[in-house]
Amino acid sequence: MDSTAGTGSTAGTGSRELGDPGAGPDEAAEAAEADEGWPVTAGTTALSVPVPEADALVRGWRARYDTAARHGGTAHLTVLFPFLHRDRIRTPERAALAALFARHPPFTLRFERCGSFPGVLYLVPEPAAPLRALTAAAVERWPSHPPYGGLFGDLEPHLTVANSGDARIHRHIEARLTERLPVTARIDAVDLVVHRAGRWQPWLTFPLGR
């Protein structure tokens with residue numbers, strides 16, 4: 001998945017409203033986005049942490065080699081995907097999300113190196129513990145929604161740079177990125193993003209620590 005940070009008015013649940021993800025006329029034709037590497041239907045949501053500090057560094061590579069980037073959004077770290085369908089996120093769910101993330105303080109991440117999964121090149125966020133805590137808290141509250149549907153087990157937190165291209169291309173990207181690392185990022189909110197009209201669109205932001 002991918003996410004986009006944005007600004008908006010403050011919602012009564014402690015979240016910030018970023019956009020209206022209401023149904024659109026194109027959604028019936030949007031049954032699945034196969035080239036994203038995951039069958040994402042209209043109304044799918046995700047919880048993610050935007051990392052604008054890293055976006056300038058990886059934007060060009062993501063545009064060419066990260067299939068999710070073709071569907072909108074900036075560099076991010078996924079907290080939980082897929083999450084509840086858009087239609088199930090109403091006032092009680094918003095309040096629960098706001099309260100959940102308010103219990104976790106803001107934190108700082110440092111990206112000093114690249115890592116890899118089979119076919120995937122990513123930036124390694126350190127320390128990983130605060131991100132793991134956010135995911136664990138969300139899964140504890142909504143246990144029927146494990147990360148990636150439970151397909152990959154305990155997947156390491158990661159900022160995807162490329163999930164296409166061969167090993168040679170990934171080595172080249174890693175070498176170029178390493179020249180410009182480290183990058184430090186302050187994490188103070190979690191975004192709720194929604195898939196609509198073929199793109200990931202911002203919806204709500206939940207501040208950490210308040």
Side-chain angles (χ1 to χ4, degrees), residues 1-8 18-86 111 114-125 131 145 147-149 151-152 155-177 180 183 185 189-205:
M1 56 71 55
D2 216 324
S3 66
T4 306
T7 59
L18 298 182
D20 178 11
D26 296 332
E27 291 190 357
E30 191 196 350
E33 296 291 347
D35 67 335
E36 190 171 352
W38 189 278
V40 180
T41 58
T44 297
T45 69
L47 296 165
S48 69
V49 170
V51 189
E53 296 90 340
D55 190 61
L57 180 62
V58 302
R59 185 187 305 128
W61 299 118
R62 292 184 67 243
R64 293 179 64 185
Y65 297 110
D66 180 2
T67 53
R70 301 168 192 165
H71 299 265
T74 60
H76 67 280
L77 296 153
T78 300
V79 173
L80 187 57
F81 165 82
F83 189 51
L84 301 173
H85 189 275
R86 175 196 60 218
F111 300 87
C114 293
S116 64
F117 304 129
V120 178
L121 178 71
Y122 63 90
L123 293 182
V124 178
L131 292 166
H145 287 74
Y148 302 100
L151 291 179
F152 304 118
L155 199 62
E156 290 291 331
H158 57 284
L159 192 157
T160 299
V161 178
N163 61 11
S164 66
D166 58 25
R168 180 186 59 83
I169 290 173
H170 287 195
R171 288 194 297 269
H172 173 70
I173 297 172
E174 180 174 1
R176 295 293 297 276
L177 289 178
R180 301 179 62 186
V183 170
V190 175
D191 282 356
L192 177 65
V193 298
V194 61
H195 207 262
R196 176 178 180 266
R199 296 184 66 80
W200 286 106
Q201 300 183 11
W203 183 7
L204 298 169
T205 288

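Numbering of residues begins at 1 and proceeds along the displayed sequence.
- Using a 4.5 Å heavy-atom threshold, the side chains of Cys114 and Val161 count as separate.
- For the side-chain contact (heavy atoms from CB on, under 4.5 Å) test, residues two or more places apart in sequence or in another chain that qualify with His158 are Phe117, Tyr122, Tyr148, Leu155, Thr160.
- In this view, Phe83 and Trp142 satisfy the ring-ring contact (aromatic ring centres under 6.0 Å, His included) rule, not counting sequence neighbours.
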### Task
Any chance you could lay out the side chain to side chain contact (heavy atoms under 4.5 Å, CB included) test for Val51 and Phe111, step after step, and finish with the verdict?
CA-CA 11 Å; Val51 189; Phe111 300 87; 3.9 Å; yes

### Message
With side chain to side chain contact (heavy atoms under 4.5 Å, CB included) as the criterion, how do Trp203 and Arg86 come out once you've worked through the C-alpha distance, each side chain's angles and the decisive distance to 0.1 Å?
### Response
CA-CA 10 Å; Trp203 183 7; Arg86 175 196 60 218; 3.8 Å; yes

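- For the pair Ser48 and Phe81, the minimum side-chain heavy-atom distance is 4.5 Å or more.
- Checking each of Thr41, Val40, Thr45 against His195 for a side-chain contact (heavy atoms from CB on, under 4.5 Å) leaves exactly one that passes, namely Val40.
- Shown here for Pro157 and Leu131, the closest heavy-atom pair between the two residues is CB-CD1, 3.8 Å.
- Put simply, the side chain of His76 never gets that close to the backbone of Pro52: no donor and acceptor are under 3.5 Å apart.
- Residues satisfying the ring-ring contact (aromatic ring centres under 6.0 Å, His included) criterion with His172, sequence neighbours excluded, are Trp61.
- Taking 4.5 Å as the limit, every side-chain heavy atom of Asp191 sits out of range of all side-chain heavy atoms of Pro202.
- Evaluation of the side-chain contact (heavy atoms from CB on, under 4.5 Å) rule for Arg171 yields Ala167, Arg168 as partners, not counting sequence neighbours.
- Taking every heavy atom of both residues into account, Ala75 and Ala54 meet most closely at CB-C, 4.3 Å.
- Every residue two or more places apart in sequence or in another chain that forms a salt bridge (Lys or Arg N to Asp or Glu O under 4.0 Å) with Glu156 is listed here: Arg132.
- Looking only at distances, no side-chain donor or acceptor of His71 sits under 3.5 Å from a matching main-chain atom of Ala69.
- At least one side-chain heavy atom of Leu159 sits less than 4.5 Å from a side-chain heavy atom of Val58.
- At least one side-chain heavy atom of Pro125 sits under 4.5 Å from a side-chain heavy atom of Leu77.
- With sequence neighbours excluded, the residues forming a side-chain contact (heavy atoms from CB on, under 4.5 Å) with Ile169 are Tyr65, Asp166, Ile173, listed by chain and number.
- In plain terms, the two heavy atoms of Gly149 and Pro82 that are nearest each other are N-CD, 3.9 Å.
- At least one donor-acceptor pair under 3.5 Å links the side chain of Gln201 to the backbone N or O of Arg196.
- Checked by atom type and distance alone, the side chain of Asn163 never pairs as donor or acceptor with a backbone atom of Gly119 at under 3.5 Å.
- For the atom pair Leu57 CG and Arg62 CZ, the distance stands at 11.5 Å (nearest 0.5 Å).
- In this structure, Gly72 and Arg199 approach most closely via the heavy-atom pair CA-NH2, 2.9 Å.
- Residues satisfying the salt bridge (Lys or Arg N to Asp or Glu O under 4.0 Å) criterion with Arg59, sequence neighbours excluded, are Asp55.
- Atom CD of Glu53 and atom OG1 of Thr74 lie 10.0 Å apart (nearest 0.5 Å).
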